[in-house]
Amino acid sequence: MKQIYLSLALLFSAATFAQTYDFTTYTPQNTNMINATVNHITQDANGLLWMTSYAGLASFNGTTFTNYTPDNSGLQINALSKVVVDGLNRKWMSTYQNGLIMFNGTTFTHYTQTNSALPSNIVHDLAVDASNNVWIATEGGLVKVTGTNTTWTIYNEVNAGIWGNNVTSVGTDAGNVYIGVANSTLMKMNGTTFNAVNDGVIKIFKVKNDDVYGW
């Protein structure tokens with residue numbers, strides 16, 4: 001009986017590895033894509049792909065790219081790093097040392113230390129949790145943005161016990177928030193404070209069912 005199971009497993013493995021895939025390459029040469037270098041990509045609830053580049057923001061419906069740049073829209077900065085989509089279908093984008101940008105489908109709003117509670121214009125990472133809170137990892141602490149009126153809550157060394165204000169990474173699942181700080185410590189939120197989980201974690205890639213995948 002063990003031999004039968006082994007034979008079936010080998011047959012299944014062979015069938016799995018025999019699969020072939022078709023790839024389509026989209027470039028500025030064969031589409032209206034504005035920039036071939038994509039910094040980050042995500043998908044919204046409507047199935048649209050949203051991507052950031054050094055040229056701005058773009059969406060893709062499977063056929064056509066819609067490009068948003070400082071030249072053709074209200075986007076204030078063209079060099080964008082990460083993009084996430086919240087439950088209100090707003091797109092939140094980090095910049096390279098120039099704060100945070102939110103796009104509600106019509107208007108781009110640029111948040112910096114000057115016009116908001118953002119503690120630093122250096123934004124390392126973004127995440128959205130199941131309660132539609134946007135979490136922002138900055139060089140000046142962790143930020144939670146809630147509601148349509150963007151209420152800001154700051155978590156740092158003083159009020160949350162984070163081991164350093166330079167938060168380099170953030171990840172969320174249904175009920176947890178994890179962060180990485182500059183000294184490579186992984187920390188988990190417990191109510192309003194953070195406790196150390198492990199060290200040697202530089203980047204959080206994914207959090208699911210309380211499992212953390214990181215570098």
Side-chain angles (χ1 to χ4, degrees), residues 26 28 31-35 37-155 167 169-175 177 179 189 204 206-207:
Y26 299 95
T31 68
N32 65 321
M33 185 180 184
I34 194 171
N35 195 316
T37 301
V38 177
N39 292 329
H40 189 251
I41 189 169
T42 192
Q43 188 176 32
D44 68 14
N46 299 319
L48 283 177
L49 295 181
W50 291 87
M51 60 206 75
T52 56
S53 71
Y54 295 105
L57 177 70
S59 65
F60 182 56
N61 62 7
T63 305
T64 305
F65 290 87
T66 301
N67 300 302
Y68 303 89
T69 71
D71 295 328
N72 67 6
S73 71
L75 183 64
Q76 296 88 349
I77 295 171
N78 56 0
L80 307 175
S81 48
K82 187 171 183 178
V83 55
V84 296
V85 182
D86 68 13
L88 299 175
N89 207 27
R90 298 178 297 184
K91 288 75 187 177
W92 296 82
M93 295 152 279
S94 54
T95 69
Y96 291 92
Q97 302 184 16
N98 285 294
L100 184 74
I101 295 176
M102 186 271 288
F103 180 50
N104 63 7
T106 304
T107 304
F108 288 90
T109 303
H110 186 191
Y111 297 104
T112 66
Q113 287 179 275
T114 303
N115 65 2
S116 72
L118 196 66
S120 172
N121 288 334
I122 300 176
V123 177
H124 296 297
D125 200 7
L126 302 169
V128 179
D129 67 17
S131 299
N132 202 35
N133 299 310
V134 181
W135 295 86
I136 308 162
T138 80
E139 200 170 80
L142 181 70
V143 182
K144 179 176 73 172
V145 179
T146 59
T148 56
N149 296 323
T150 57
T151 301
W152 305 74
T153 303
I154 313 298
Y155 301 88
V167 181
S169 190
V170 60
T172 65
D173 63 7
V177 178
I179 62 170
M189 175 177 275
I204 299 170
K206 184 179 182 179
V207 182

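Positions are given from 1 along the sequence. Everything numeric in this text was worked out from a predicted model, so none of it was measured. Values below: all heavy atoms of this structure, side chains included; hydrogens, waters and symmetry mates excluded.
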Taking atom [atom1] of [X] and atom [atom2] of [Y], what is their separation to the nearest 0.5 Å?
X: Leu142; Y: Ile179; atom1: CG; atom2: CD1; result: 5.5 Å
X: Tyr96; Y: Ile77; atom1: OH; atom2: CD1; result: 12.0 Å
X: Asn78; Y: Thr69; atom1: CG; atom2: OG1; result: 8.0 Å
X: Thr112; Y: Asn98; atom1: OG1; atom2: CG; result: 9.0 Å
X: Asn121; Y: His110; atom1: CG; atom2: NE2; result: 7.0 Å
X: Met93; Y: Met102; atom1: CE; atom2: CE; result: 8.5 Å

Can you tell if the side chain of [X] reaches within under 4.5 Å of the side chain of [Y], non-hydrogen atoms only?
X: Val167; Y: Tyr155; answer: no
X: Asn35; Y: Met51; answer: no
X: Thr31; Y: Phe60; answer: no
X: Trp152; Y: Ile136; answer: yes
X: Leu126; Y: Leu100; answer: yes
X: Thr146; Y: Thr153; answer: no

According to side chain to side chain donor-acceptor pair (under 3.5 Å), does anything in residues 40-49 pair up with another residue at least two apart or in another chain? List the pairs. Asp44-Trp50
May I ask you to check whether over 12 heavy atoms, not counting those of Gln97, lie within 6.0 Å of atom CD? no
Can you see whether Ser169 engages Asp125 through a side-chain donor-acceptor pair at a distance of less than 3.5 angstrom? yes
Compare every heavy atom of [Y] with every heavy atom of [X], then report the nearest pair and how far apart it is.
X: Thr37; Y: Ser53; answer: O-CB, 3.0 Å
X: Ser59; Y: Tyr68; answer: OG-CE1, 4.4 Å
X: Ala55; Y: Pro70; answer: O-CD, 4.5 Å
X: Ile154; Y: Ala117; answer: CD1-O, 3.5 Å
X: Leu80; Y: Asn39; answer: O-ND2, 2.8 Å
X: Gln76; Y: Ile101; answer: OE1-CD1, 4.1 Å

Can you pull the salt bridge (charged side-chain N to carboxylate O under 4.0 Å, His left out) pairs that have at least one residue in residues 63-77, sequence neighbours excluded? none
Output every pair passing salt bridge (charged side-chain N to carboxylate O under 4.0 Å, His left out) with a member in residues 126-149, not counting sequence neighbours, ordered by first then second residue. none
Test side chain to side chain contact (heavy atoms under 4.5 Å, CB included) applied to Val123 and Thr95, step by step: CA-CA 7 Å; Val123 177; Thr95 69; 5.9 Å; no
Give a yes or no on whether the backbone of [Y] and the side-chain of [X] come within a donor-acceptor separation of less than 3.5 Å.
X: Asn32; Y: Thr64; answer: no
X: Ser81; Y: Ser94; answer: yes
X: Lys206; Y: Ile204; answer: no
X: Asn72; Y: Asn67; answer: yes

Worked verdict on Thr172 versus Asn133 for side chain to side chain contact (heavy atoms under 4.5 Å, CB included): CA-CA 10 Å; Thr172 65; Asn133 299 310; over 6 Å; no
For Tyr26 and Phe65, take the angle between the two ring planes, folded into 0 to 90°, and tell me which bin it lands in: parallel under 30, tilted 30 to 60, perpendicular over 60. perpendicular
Does the side chain to side chain contact (heavy atoms under 4.5 Å, CB included) test come out yes or no for Thr150 and Tyr111, once each step is laid out? CA-CA 11 Å; Thr150 57; Tyr111 297 104; 3.6 Å; yes
